[in-house]
There are 2 protein chains.
Amino acid sequence: MADLNKLLTPLFLNEGEIRKIIELLFFSYRDFTEGPDKILEKINFGRAHHRVIYFVGKQKNLTIKELLSILKITKQSLSRVLNQLVNEKYIILSVGEDKRTKKLILSKKGQELEKRLSEIQIKKIRNVLLKFNEIDINGFKKILYHMVDDKNKVKFDEINNNG
Amino acid sequence: MADLNKLLTPLFLNEGEIRKIIELLFFSYRDFTEGPDKILEKINFGRAHHRVIYFVGKQKNLTIKELLSILKITKQSLSRVLNQLVNEKYIILSVGEDKRTKKLILSKKGQELEKRLSEIQIKKIRNVLLKFNEIDINGFKKILYHMVDDKNKVKFDEINNNG
DNA sequence: TTATTTAGGTCAGCCATATTGACTTAATTA
DNA sequence: TAATTAAGTCAATATGGCTGACCTAAATAA
């Protein structure tokens with residue numbers, strides 16, 4: 001059984017090769033978040049704050065509900081992080097047209113922090129991609145997209161106006 | 001300045017495209033860890049336990065020191081997780097040739113859990129890769145590898161005998 | 001041979017990020 | 001008017017990290 005499976009599996013799909021990908025995902029994700037994490041630590045913030053700042057910066061006038069649906073955490077979890085960001089004036093709240101909702105936008109201070117954090121990751125990715133041709137990059141992007149669950153592909157398309 | 005930069009940046013390297021990759025990394029990594037996390041929760045373990053089980057399973061007779069150098073956490077952090085795994089007989093400790101060191105191996109129980117957890121991730125990746133050709137897959141693997149910091153590339157090569 | 005370094009262990013306390021459950025208020029919609 | 005929705009809050013709990021201090025035993029260097 002095991003041997004038959006090995007015979008039928010193309011080399012690039014065998015367990016050993018896939019385990020390498022598992023490890024690369026672990027190592028690369030850890031290295032990917034390291035830069036912003038260090039900056040955040042200095043101002044007593046964490047990765048959760050970066051996520052909030054990132055998506056609020058991306059989508060102006062995001063509501064709490066929409067933000068929760070992207071982050072997929074409970075509102076109690078979001079609450080602490082968001083309150084800190086609002087109290088320290090990185091994020092400004094205003095009432096939406098539907099007066100039950102609130103709109104979130106980055107202040108100037110928030111935009112500056114967002115830029116500082118994301119720039120590290122953008123540069124890191126750009127430096128990597130510069131070493132490769134468009135064929136490789138397309139393979140990377142396509143496969144990464146398909147690694148996302150269907151429900152979250154929809155969410156990704158939504159926030160990138162690919163819907 | 002900004003305009004000049006945009007003119008000089010190929011379309012696939014512009015900020016918007018790179019931000020999509022940032023988001024895909026976030027979404028895909030979250031979905032990637034979700035399956036094992038659910039199983040681990042039932043037995044009161046977490047992702048940290050999976051990591052330990054994974055690397056102990058990968059590298060027979062791993063020492064504590066080597067494990068720490070892969071995980072890059074403090075020994076105090078590892079301690080709780082590892083003690084639980086040893087107490088509940090997923091991992092067996094033995095004294096190394098250098099009697100200061102300890103060798104870690106998975107018990108049968110540990111191997112079974114490791115398989116159950118990793119199989120989810122392996123299947124997920126295999127199902128994705130099956131939709132793509134070798135050119136795309138190579139692009140994906142190469143770029144993922146380059147996303148890892150140099151020091152950790154060495155670590156990756158070490159544990160995969162590419163050194 | 002003694003001194004130092006290394007591998008591993010442990011105690012205590014702290015912080016960040018997440019969870020569940022219960023409950024409230026105000027606004028909108030059926 | 002009743003039900004639903006968006007947002008907020010209080011409390012308790014779990015996980016996974018961290019720092020600092022300190023210990024033992026074994027190996028290695030001076």
Side-chain angles (χ1 to χ4, degrees), chain A residues 26 29-30 33-34 36-56 61-88 91-105 117, chain B residues 26 29-30 33-34 36-56 61-88 91-105 117:
Chain A
F26 168 59
Y29 197 77
R30 192 177 57 183
T33 52
E34 194 197 4
D37 284 356
K38 277 184 188 162
I39 291 173
L40 290 157
E41 209 191 341
K42 287 179 206 156
I43 50 174
N44 291 310
F45 284 169
R47 203 177 294 173
H49 299 81
H50 186 192
R51 284 177 190 147
V52 170
I53 284 181
Y54 181 91
F55 287 110
V56 171
N61 288 326
L62 201 63
T63 64
I64 306 276
K65 194 197 171 191
E66 285 163 348
L67 181 54
L68 286 172
S69 83
I70 293 169
L71 297 175
K72 292 207 164 55
I73 56 173
T74 59
K75 65 179 170 180
Q76 296 92 322
S77 297
L78 176 59
S79 157
R80 183 186 43 88
V81 168
L82 185 56
N83 284 333
Q84 285 175 307
L85 289 167
V86 171
N87 289 336
E88 299 186 30
I91 285 179
I92 298 163
L93 295 179
S94 62
V95 178
E97 288 150 54
D98 178 337
K99 284 172 187 170
R100 290 172 304 178
T101 67
K102 284 184 182 170
K103 293 173 172 179
L104 304 165
I105 54 163
L117 296 173
Chain B
F26 168 58
Y29 196 78
R30 192 176 59 183
T33 51
E34 194 197 3
D37 283 356
K38 278 184 189 164
I39 291 172
L40 290 157
E41 209 190 342
K42 287 179 207 156
I43 51 174
N44 291 310
F45 283 168
R47 203 177 294 172
H49 298 83
H50 186 193
R51 285 178 189 146
V52 170
I53 283 182
Y54 180 91
F55 287 110
V56 171
N61 288 326
L62 200 65
T63 64
I64 305 275
K65 194 195 171 191
E66 284 162 350
L67 182 54
L68 286 172
S69 83
I70 293 169
L71 297 175
K72 293 207 163 54
I73 56 174
T74 59
K75 64 178 171 181
Q76 296 93 321
S77 296
L78 175 59
S79 157
R80 184 181 44 86
V81 168
L82 185 57
N83 283 334
Q84 284 176 305
L85 288 167
V86 171
N87 288 337
E88 298 186 30
I91 286 179
I92 298 163
L93 295 179
S94 63
V95 178
E97 286 149 56
D98 178 336
K99 284 172 187 170
R100 289 171 305 178
T101 66
K102 284 184 181 170
K103 292 173 175 179
L104 303 165
I105 53 163
L117 297 173

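Letters A, B, ... are given to chains in the order of the sequence lines, protein chains preceding strands, and every chain is numbered from 1.
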How many whole angstroms separate atom [atom1] of [X] from atom [atom2] of [N]?
{"X": "B/Lys103", "N": "C/dG8", "atom1": "NZ", "atom2": "C1'", "value": "16 Å"}
{"X": "B/Ile64", "N": "D/dA25", "atom1": "CD1", "atom2": "P", "value": "18 Å"}
{"X": "B/Ile73", "N": "D/dT15", "atom1": "CD1", "atom2": "P", "value": "15 Å"}
{"X": "A/Asp37", "N": "D/dG17", "atom1": "CG", "atom2": "C1'", "value": "11 Å"}
{"X": "A/Arg30", "N": "D/dG16", "atom1": "CZ", "atom2": "P", "value": "16 Å"}
{"X": "B/Glu97", "N": "D/dA25", "atom1": "CD", "atom2": "P", "value": "22 Å"}
{"X": "B/Leu78", "N": "D/dG17", "atom1": "CG", "atom2": "C1'", "value": "12 Å"}
{"X": "A/Lys65", "N": "D/dT4", "atom1": "NZ", "atom2": "P", "value": "15 Å"}

Is it the case that B/Arg30 places NZ or CZ above or below the six-membered ring of B/Phe26, under 6.0 angstrom from the centre and within 45 degrees of the axis?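 Because its charged atom sits under 6.0 Å from the ring centre and within 45° of the axis, B/Arg30 does stack over B/Phe26.
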Using heavy atoms to find the nearest nucleotide of DNA chain D for B/Arg80 and B/Lys75 separately, return the residue whose nucleotide is more 5′.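 Checking each residue's closest nucleotide, the 5'-ward one belongs to B/Arg80.
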Ignoring hydrogens, what is the shortest heavy-atom contact between A/Gly46 and A/Leu40? Give both atom names and the distance. O-CD1, 3.4 Å
Using heavy-atom distances to pick each residue's nearest nucleotide on DNA chain C, tell me which of A/Lys99 and B/Asn83 is more 5'. B/Asn83
Can you identify which nucleotide, out of [options], has its nearest atom closest to the [X] side chain?
{"X": "A/Leu93", "options": "D/dA27, D/dT4, D/dG8", "answer": "D/dG8"}
{"X": "A/Thr63", "options": "C/dG8, D/dA7, D/dT9", "answer": "D/dA7"}
{"X": "A/Ser77", "options": "C/dT19, C/dG8, C/dG9", "answer": "C/dT19"}
{"X": "B/Arg100", "options": "C/dT10, D/dA7, C/dA7", "answer": "C/dA7"}
{"X": "B/Lys102", "options": "C/dT19, C/dG9, D/dA6", "answer": "C/dG9"}

Do A/Val86 and A/Ile92 have side chains that approach each other closer than 4.5 Å (heavy atoms only, starting at C-beta)? no
Contact check, residues 40-49 of chain B vs DNA chain D, heavy-atom distance under 4.0 Å, returns B/Asn44, B/Gly46, B/Arg47, B/Ala48, B/His49
Mind checking whether B/Tyr54 and B/His50 have parallel, tilted or perpendicular rings, split at 30° and 60°?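 The arrangement is perpendicular - the two ring planes meet at more than 60°.
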When the ring planes of B/Tyr29 and A/Tyr29 are compared, do they come out parallel, tilted or perpendicular, using 30° and 60° as the limits? parallel
Per the atom types in the model, does the base of C/dG13 pair as donor or acceptor with the side chain of B/Gln76 at under 3.5 Å?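 No pair found.
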Heavy atoms only, 4.0 Å cut-off, all strands: where does A/Glu66 land among base, sugar-phosphate and nothing?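 Touches nothing.
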Need one value for A/Thr74: base, sugar-phosphate or nothing, where a base atom within 4.0 Å counts as base even if backbone is also close, heavy atoms only.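 Result for A/Thr74 = base.
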Do other residues, nucleotides or ligands put more than 12 heavy atoms under 6.0 Å from the NZ atom of A/Lys99? no
A/Lys65 atom NZ, neighbour heavy-atom count above 12 within 6.0 Å: no
N or O in side chain of B/Arg51 less than 4.0 angstrom from D/dT15 OP1/OP2: no
Taking atom CG of A/Leu104 and atom CZ of A/Phe55, what is their separation to the nearest 0.5 Å?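 Taking CG in A/Leu104 and CZ in A/Phe55, the distance rounds to 13.5 Å.
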